[in-house]
Amino acid sequence: MLELEWPWIFLALPAPLLIYWLVPPATPINEQALRVPFYRDVIGTTTAGTVDVDKNSRFHLFALWLVWLLLLLAGSQPKWLGDPVQLKDSGRDLMLAVDLSGSMEIPDMKIENKEVNRLTAIKYVLSDFIKRRRGDRLGLILFGTQAYLQTPLTFDLKTVKTLLDESSIGMAGGKTAIGDAIGLAVKHLRNRPEHSRVLILLTDGANTAGQVTPIQAAKLAQEEHIKIYTIGIGADEMIQPGLFGSSFGARKVNPSADLDEKTLTEIAQLTGGRYFRARNTNELNQIYALLDQLEPIDQAEETFRPSKSLYPWPLSLAFIITILMACSRLIPISTHIGRRF
């Protein structure tokens, strides 16, 4: 069906008549600015064509009114509304909080036997997880020294995935503000249905920045009935090459020594969630498969009507009519001048 967003704009329809009646005509200026040798011939053309002008005056008047009407129609923002689309009436409000601190650059994860850094592994596995979230609202928080809401809760899963793919290490700062990330999630989840509020927090370190401690933020989440699943990212051991990258002097190190598993476990327990340890992409996949088993929560049914803006059509038609009217007035004079020369 057709809908006008601003139908009140048609109140301006009689404006040209009001201007014609109320505004006095401009006083003609009799100063001669240019001498035209064939001025009398031009005058003769216009006077000789008086009958034609009179014939066409009604047409021109009609065309002017049509242009004005089309401009008003374009200004009223016409839209074509499609058939209502029923959105799924079950799902969760799921916020993802992803760590972008400097330690996420450690290349201790593998994808198809190729070493990659932790953030690349998260993006790789989260891609499929996001696609399977049809019916859920997803949001994205990126955090480092500060926490930022990159995507509010939305059904547009493609946008969430795109913005996650475009994120880079260090763009939110080099430190880790776990508490601020949880606090930001609480702010945006607290107004959603009580039993559908879920936060999945992925980090590889300990809280080293921010205004709120992780435990304080977790207690706020507990009060708002927000369930938090925490995931600790990073391998337990990694071969550190020796001098000049050779195997001589190579040694095993624990790249996840800074991971604060105790705090992450306490956050999950306080809010009724679980703590998971992801040492590789396979474990990360298993964690997401387990998270897929969360029971969907019934929500209020929602409908969506796709709309398409139609204002370019009346605006283009008004422009074409104006051009044709201008050409119709110029052709007789230009034809006579051409014959003269």
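In this chain, numbering begins with 1 at the start of the sequence shown. Scope of the values below: all heavy atoms of this structure, side chains included, with no hydrogens, waters or symmetry mates.
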Student: Given side chains that start at C-beta, do those of T151 and M95 come closer than 4.5 Å, heavy atoms only?
Tutor: no
Student: Write down the atom of A235, the atom of S256, and the distance for their closest heavy-atom approach.
Tutor: O-OG, 2.7 Å
Student: Answer yes or no: is there a side-chain heavy-atom contact under 4.5 Å between N285 and F129?
Tutor: no
Student: Between E115 and K110 (side chain of the first, backbone of the second, donor and acceptor by atom type, cut-off under 3.5 Å), is there such a pair?
Tutor: no
Student: Should we say atom CZ of F10 is surrounded by more than 12 heavy atoms from elsewhere, each under 6.0 Å from it?
Tutor: yes
Student: To the nearest 0.5 Å, what is the distance between CD (Q286) and CG (L291)?
Tutor: 12.0 Å
Student: Test side-chain contact (heavy atoms from CB on, under 4.5 Å) on E112 and Y124; report intermediate values, then the result.
Tutor: CA-CA 11 Å; E112 298 176 355; Y124 178 76; 4.1 Å; yes
Student: How far does CG of L66 sit from CG of L317, to the nearest 0.5 angstrom?
Tutor: 6.5 Å
Student: Is any side-chain heavy atom of V116 closer than 4.5 Å to a side-chain heavy atom of P107?
Tutor: no
Student: Taking the side chain as every heavy atom from C-beta outward, state whether L164 and L126 have any pair of such atoms under 4.5 Å apart.
Tutor: yes
Student: Would you say NZ of K175 has more than 12 non-hydrogen atoms from neighbouring residues, nucleotides or ligands within 6.0 angstrom?
Tutor: no
Student: Donor-acceptor check, side chain of S307 to backbone of W80, threshold 3.5 angstrom: yes or no?
Tutor: no
Student: Look only at the side chain of T271 and the backbone of I267, and say whether a donor-acceptor pair between them is shorter than 3.5 Å.
Tutor: yes
Student: Taking the side chain as every heavy atom from C-beta outward, state whether Q150 and I141 have any atom pair closer than 4.5 Å.
Tutor: no
Student: Indicate yes or no: does D93 engage R197 in a salt bridge with an N to O separation below 4.0 Å.
Tutor: no
Student: Above 12 or not: heavy atoms from other molecules or residues under 6.0 Å from OH of Y148?
Tutor: yes
Student: Which atom pair, heavy atoms only, marks the closest approach of N207 to G179?
Tutor: OD1-N, 3.2 Å
Student: W68 and W8: same hydrophobic cluster, using ILVMFWY side-chain contacts below 4.5 Å?
Tutor: yes
Student: Would I182 and L140 show up in the same hydrophobic cluster when neighbours are defined by side-chain heavy atoms closer than 4.5 Å?
Tutor: no
Student: Just to verify, which of D99, L284, N280 counts as forming a side chain to side chain contact (heavy atoms under 4.5 Å, CB included) with I233?
Tutor: L284
Student: Test your reading of the model: is there a side-chain donor-acceptor pair from T208 to the backbone of T176, 3.5 Å cut-off?
Tutor: yes
Student: Check the hydrophobic clustering (I, L, V, M, F, W, Y; side-chain heavy atoms under 4.5 Å; chains of links allowed) and say if I226 and Y229 are grouped together.
Tutor: no
Student: Looking at CD1 of I122 and OG1 of T281, how far apart are the two atoms once the value is rounded to the nearest 0.5 Å?
Tutor: 11.5 Å
Student: What's the verdict on side-chain contact (heavy atoms from CB on, under 4.5 Å) for R137 and R192, showing C-alpha distance, side-chain angles and the deciding distance?
Tutor: CA-CA 10 Å; R137 290 182 181 86; R192 299 305 306 160; 2.8 Å; yes
Student: For A217 and V212, which heavy atoms make the closest approach, and how far apart are they?
Tutor: N-CG1, 3.7 Å
Student: Would the distance check show the side chain of T263 and the main-chain N or O of D260 forming a donor-acceptor pair, the cut-off being under 3.5 Å?
Tutor: no
Student: For the OG1 atom of T203 and the CE atom of M104, what is their distance to the nearest 0.5 Å?
Tutor: 7.0 Å
Student: Check this for me, if you would: do D204 and R118 make a salt bridge, where the nitrogen-to-carboxylate-oxygen distance has to be below 4.0 angstrom?
Tutor: yes
Student: Could you tell me which non-hydrogen atom of T213 sits nearest to which non-hydrogen atom of Q216, and how far apart they are?
Tutor: OG1-CG, 3.0 Å
Student: Taking side chain as C-beta onward, heavy atoms only, is K161 less than 4.5 Å from S127?
Tutor: yes
Student: Identify whether the distance between the nearest side-chain nitrogen and carboxylate oxygen of E3 and K79 falls below 4.0 Å.
Tutor: no
Student: Check for me, please, whether I178 and M171 land in the same ILVMFWY cluster - side-chain distances under 4.5 Å, paths through other members count.
Tutor: no
Student: Can you find a heavy atom in the side chain of W313 that is under 4.5 Å from one in the side chain of L73?
Tutor: no
Student: If we only count heavy atoms from C-beta on, is the L264 to L259 side-chain gap below 4.5 Å?
Tutor: yes
Student: Just wondering, are more than 12 heavy atoms of other shown residues or ligands nearer than 6.0 Å to CG in D258?
Tutor: no
Student: Around E105, counting heavy atoms of other residues, nucleotides and ligands shown, do more than 12 lie under 6.0 Å from its CD?
Tutor: no
Student: For G75 and W6, which heavy atoms make the closest approach, and how far apart are they?
Tutor: O-CE3, 3.2 Å
Student: Is the count of non-hydrogen atoms from other residues, nucleotides or ligands lying under 6.0 Å from E261 atom CD greater than 12?
Tutor: yes
Student: Is D236 paired with R277 through a side-chain N to carboxylate O contact shorter than 4.0 Å?
Tutor: yes
Student: Same cluster for I231 and V160 if Ile/Leu/Val/Met/Phe/Trp/Tyr side chains link at under 4.5 Å?
Tutor: yes
Student: Hey, is D128 close enough to R132 for a salt bridge, meaning N to O under 4.0 Å?
Tutor: no
Student: Quick check for you: to the nearest 0.5 Å, what is the distance between L94 atom CG and L96 atom CG?
Tutor: 5.5 Å
Student: With a 3.5 Å cut-off and no angle check, do the side chains of N117 and T120 form a donor-acceptor pair?
Tutor: yes
Student: Walk me through whether L189 and L153 qualify under side-chain contact (heavy atoms from CB on, under 4.5 Å).
Tutor: CA-CA 8 Å; L189 285 169; L153 290 166; 3.9 Å; yes
Student: Report the C-alpha separation of L70 and I321 in whole Å, then their side-chain angles, then the decisive distance to 0.1 Å, and conclude whether the side-chain contact (heavy atoms from CB on, under 4.5 Å) test is met.
Tutor: CA-CA 10 Å; L70 289 170; I321 293 174; 3.9 Å; yes
Student: Looking at NZ of K123 and CD of E166, how far apart are the two atoms once the value is rounded to the nearest 0.5 Å?
Tutor: 9.0 Å
Student: Work out which heavy atom in T230 is nearest to a heavy atom in A268; give both atom names and the distance.
Tutor: OG1-CB, 3.9 Å
